[in-house]
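Fair warning: this is a prediction, and the values are worked out from it, not measured in the lab. Worth knowing before you read on, the calculation uses all heavy atoms, side chains too, and leaves out hydrogens, waters and symmetry mates. Proteins get letters first, then strands, A, B, ... in listed order; numbering begins at 1 in each.
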There are 4 protein chains.
Amino acid sequence: MKEERKRSEIMQSALKLIAEKGFIGAPMAMVAEKANVGIGTIYHYFKDKNTLINKLYMELEGKLIKFLEGNYNEGDSVRERFLQLYRGVLSYFTDHPLEFRYMEQYFNSPYSIDLRRDRIFDDSREGTILKKLFLEGVEQKFIKDLPLVVLFALSFGPILLLLRDQILGFVTLNDTLIEKTIEACLDSIKR
Amino acid sequence: MKEERKRSEIMQSALKLIAEKGFIGAPMAMVAEKANVGIGTIYHYFKDKNTLINKLYMELEGKLIKFLEGNYNEGDSVRERFLQLYRGVLSYFTDHPLEFRYMEQYFNSPYSIDLRRDRIFDDSREGTILKKLFLEGVEQKFIKDLPLVVLFALSFGPILLLLRDQILGFVTLNDTLIEKTIEACLDSIKR
Amino acid sequence: MKEERKRSEIMQSALKLIAEKGFIGAPMAMVAEKANVGIGTIYHYFKDKNTLINKLYMELEGKLIKFLEGNYNEGDSVRERFLQLYRGVLSYFTDHPLEFRYMEQYFNSPYSIDLRRDRIFDDSREGTILKKLFLEGVEQKFIKDLPLVVLFALSFGPILLLLRDQILGFVTLNDTLIEKTIEACLDSIKR
Amino acid sequence: MKEERKRSEIMQSALKLIAEKGFIGAPMAMVAEKANVGIGTIYHYFKDKNTLINKLYMELEGKLIKFLEGNYNEGDSVRERFLQLYRGVLSYFTDHPLEFRYMEQYFNSPYSIDLRRDRIFDDSREGTILKKLFLEGVEQKFIKDLPLVVLFALSFGPILLLLRDQILGFVTLNDTLIEKTIEACLDSIKR
DNA sequence: TATGAATGAGCGTTCATTCAT
DNA sequence: TATGAATGAACGCTCATTCAT
């Protein structure tokens with residue numbers, strides 16, 4: 001119990017520091033301090049900084065996927081499922097800005113070398129869902145017949161950019177704006 | 001003359017190293033070595049590493065804008081001008097992958113703190129052009145009536161993501177694919 | 001009983017690790033792991049690492065002396081007793097290479113500060129035996145009249161060097177070679 | 001000029017500290033301090049601690065060999081040449097106790113892994129001289145017909161042990177004692 | 001008695017920056 | 001102007017030791 005608490009506090013501390021100041025701005029000593037833990041303690045739970053960073057990423061990714069799956073209803077129309085995914089990503093990261101900043105930095109760093117975003121279409125559950133949704137849409141002639149990477153970029157490129165702007169304080173997205181935006185995303189992949 | 005050459009070689013060296021290995025992978029000593037210049041010399045041209053990084057970014061941005069302006073024809077239709085801009089960004093960064101990697105890293109780092117992307121709509125020439133184009137499109141009822149940031153995200157979000165994938169080797173974009181993609185981008189902002 | 005087993009396994013573990021990897025290559029955690037014992041347990045049996053190392057040395061020394069005494073026959077001639085001691089040391093360490101490596105490292109480290117080799121002539125049983133043998137040989141005009149340290153160095157210097165070479169794999173000593181070698185050692189102290 | 005002085009002071013500092021306190025007792029910060037040099041400076045001259053230690057060893061070995069060669073006269077009889085070598089080693093290390101302690105520790109550590117004492121018979125000048133001397137002695141039926149390693153051990157084992165005792169203060173060797181000792185060493189390899 | 005999570009001083013090393021030449 | 005030797009703060013990480021269970 002207690003041990004899991006320490007592990008979790010270390011991860012929280014790392015999440016905050018790295019999200020706010022980047023990997024360099026988050027020395028292990030500072031992570032330890034913010035977690036109210038001795039430096040050595042971190043090394044009981046994580047082999048080294050690299051491992052901490054990767055484990056943290058994987059945990060955050062897991063949480064995101066769980067959330068998206070919770071909102072995803074196989075019975076809905078393709079259109080509705082797309083809108084639901086877009087809405088989900090936007091609302092999840094709006095509620096979890098640190099996680100957005102962290103994941104963004106993670107992808108933009110050598111840490112993600114073995115775990116590139118092309119994973120998005122790998123055989124993980126998340127990858128499968130998205131891939132199947134795209135293929136189903138293409139088959140129904142609802143979605144343009146373009147490569148998956150292109151469809152992905154059209155779908156999520158704008159959303160990721162907007163989330164960034166929102167988290168940095170350049171926009172505030174209200175509900176009607178969000179609906180208009182995700183409709184626009186759909187417009188770009190719709191036939 | 002000669003002095004300008006040194007300055008330029010330092011910047012080239014920094015560009016390559018940082019684009020390929022990130023800011024951490026580019027210590028000043030290595031930048032100097034790759035530029036065939038003494039370490040101290042860098043500090044004659046740039047106050048410190050921070051300054052070098054910022055100056056380099058500004059230079060790269062300037063080159064990009066110049067290129068885009070060269071391809072931009074005020075006489076063209078709004079539609080054509082959008083397509084031209086999209087095409088321009090895609091082709092410029094396809095030809096200059098190091099610059100793409102550099103700028104991407106720059107935005108994703110504490111170095112860009114004072115120079116946020118909201119500059120895109122500031123009073124620089126580039127900002128003005130893009131802003132005017134969006135406003136003109138909205139006025140003509142050709143473009144959706146959405147905030148500029150949203151329109152920007154819809155326009156360039158997909159393109160930036162695709163460029164990344166292409167540079168990392170996950171896709172290869174041929175001309176017809178490019179045309180389809182930029183049409184799709186236009187679809188998302190078109191009424 | 002069981003407690004003694006733990007103590008003994010800790011010592012075995014320390015012996016192996018230190019003999020093979022040196023004092024630095026044998027952290028307490030590793031000693032504990034190899035002994036299938038909790039880290040804390042070591043500290044029940046030994047005050048600290050220093051104590052463990054010293055106790056281990058003393059135990060190994062005791063075993064060696066016991067072995068040498070077993071082969072030592074007061075009734076033999078001085079000459080025979082010398083040869084028997086030389087033979088004993090060679091055969092004991094050939095059969096116990098880890099113990100040789102351990103003791104060698106021990107003497108060559110700050111750990112042995114309080115327990116220098118001059119002990120060899122102290123009032124321990126071993127010291128007494130060797131001292132008496134040298135003195136008896138000198139008195140019988142069989143051994144050169146030299147200081148005890150010198151006689152000791154002449155006797156055992158070559159043997160220790162050879163053992164080292166053998167354990168490291170540079171020589172293999174067979175029985176005839178051993179006999180020739182110990183005769184040569186005797187030649188150096190013989191009148 | 002000045003640069004070479006710093007390099008040399010770093011080596012002197014390392015020599016003293018390591019000889020007196022061992023490799024662990026000589027942290028880089030202490031080496032730097034004793035050399036009146038910044039920590040970073042050490043790393044200009046030596047890639048890392050390992051390299052410093054190895055370079056230092058090689059330098060000390062070079063000095064020793066030079067000294068021994070200076071005292072070695074090809075025209076002398078085999079007997080005289082042996083005595084001269086023994087005398088040389090004894091007097092060199094008596095005058096340079098730190099170097100003795102350093103080299104002793106070096107051989108007894110993982111640092112010497114790639115540079116084992118079997119080098120003594122390799123094709124370095126030193127190795128060649130000693131090897132030739134042994135072979136010549138054997139051929140002249142002056143020296144026992146034993147493997148080189150054994151002859152080496154008989155010759156230098158006692159001397160190294162005695163030097164150790166002397167440096168630690170357990171004996172003081174005067175000239176007559178030295179002469180008797182090296183004669184005894186010769187006795188062990190003489191036919 | 002036995003455990004191992006927790007600790008933090010201390011290590012080797014890096015690197016942006018300075019300054020005498 | 002150009003250099004690179006010199007610096008030391010700061011980093012990631014190790015490990016002997018403690019102590020609550």
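- Distance B:I10 CD1 to F:dT1 P: 12 Å, rounded to the nearest Å.
- When the side-chain nitrogen and oxygen atoms of D:T41 are compared with OP1 and OP2 of F:dA5, none of them lie within a distance under 4.0 Å.
- Checking side-chain atoms of B:Q105 against main-chain N and O of B:A19 turns up a donor-acceptor pair under 3.5 Å.
- Side-chain proximity of C:V37 to the nucleotides E:dT3, F:dT3, E:dA6 is greatest for E:dT3.
- In this structure, A:R5 atom CZ and E:dA5 atom P are separated by 17 Å, rounded to whole Å.
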Does the pair C:F46 and C:M11 meet the rule for a side chain to side chain contact (heavy atoms under 4.5 Å, CB included), with working shown? CA-CA 10 Å; C:F46 305 96; C:M11 282 183 138; 3.8 Å; yes
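- In secondary-structure terms, DNA chain E builds stems of at least 3 consecutive Watson-Crick or G-U pairs, each pair having both distances under 3.5 Å, at E:2-21 with F:2-21.
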Should D:E104 and D:R101 be marked as a salt bridge (charged side-chain N to carboxylate O under 4.0 Å, His left out) after you check the CA-CA gap, both sets of side-chain angles, and the distance that decides it? CA-CA 5 Å; D:E104 207 184 11; D:R101 293 291 289 147; 2.9 Å; yes
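- For A:Y45 and F:dG12, the OH to P distance is 20 Å, given to the nearest whole Å.
- Side-chain atoms of D:Y45 do not come within 3.5 Å of backbone N or O of D:S8 as any donor-acceptor pair.
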Extract from the structure each pairing of a protein N or O with an N or O of nucleotides 16-20 of chain F at less than 3.5 Å, listing the distance.
{"from": "F:dA16", "atom 1": "OP1", "to": "C:K49", "atom 2": "NZ", "distance (Å)": "2.9"}
{"from": "F:dA16", "atom 1": "OP2", "to": "C:M28", "atom 2": "N", "distance (Å)": "2.5"}
{"from": "F:dT17", "atom 1": "OP2", "to": "C:Y43", "atom 2": "OH", "distance (Å)": "3.4"}
{"from": "F:dT17", "atom 1": "OP2", "to": "C:K49", "atom 2": "N", "distance (Å)": "3.0"}

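- For the residue pair D:T51 and D:N54, no side-chain donor N or O sits within less than 3.5 Å of a side-chain acceptor on the partner.
- C:Y111 pairs with exactly one of C:Y106, C:F23, C:Y57 by the ring-ring contact (aromatic ring centres under 6.0 Å, His included) rule, that one being C:F23.
- Taking atom CD on D:E9 and atom P on F:dA6, their separation rounds to 11 Å, with Å as the unit.
- Summarising the geometry, the separation between CZ on A:R7 and C1' on E:dA6 is reported as 16 Å, rounded to the nearest angstrom.
- Distance, B:M30 CE to E:dC15 C1': 11 Å, rounded to whole Å.
- Counting to the nearest Å, the P atom of E:dC11 and the CG atom of D:L52 are 16 Å from each other.
- A ring-ring contact (aromatic ring centres under 6.0 Å, His included) check over residues 24-43 of chain A, counting only residues at least two apart or in different chains, returns nothing.
- At least one side-chain heavy atom of D:L160 sits less than 4.5 Å from a side-chain heavy atom of D:F100.
- To the nearest angstrom, P of F:dT1 lies 16 Å from CD1 of B:I42.
- Among A:L15, A:L64, A:L56, the one residue that satisfies the side-chain contact (heavy atoms from CB on, under 4.5 Å) test with A:E99 is A:L15.
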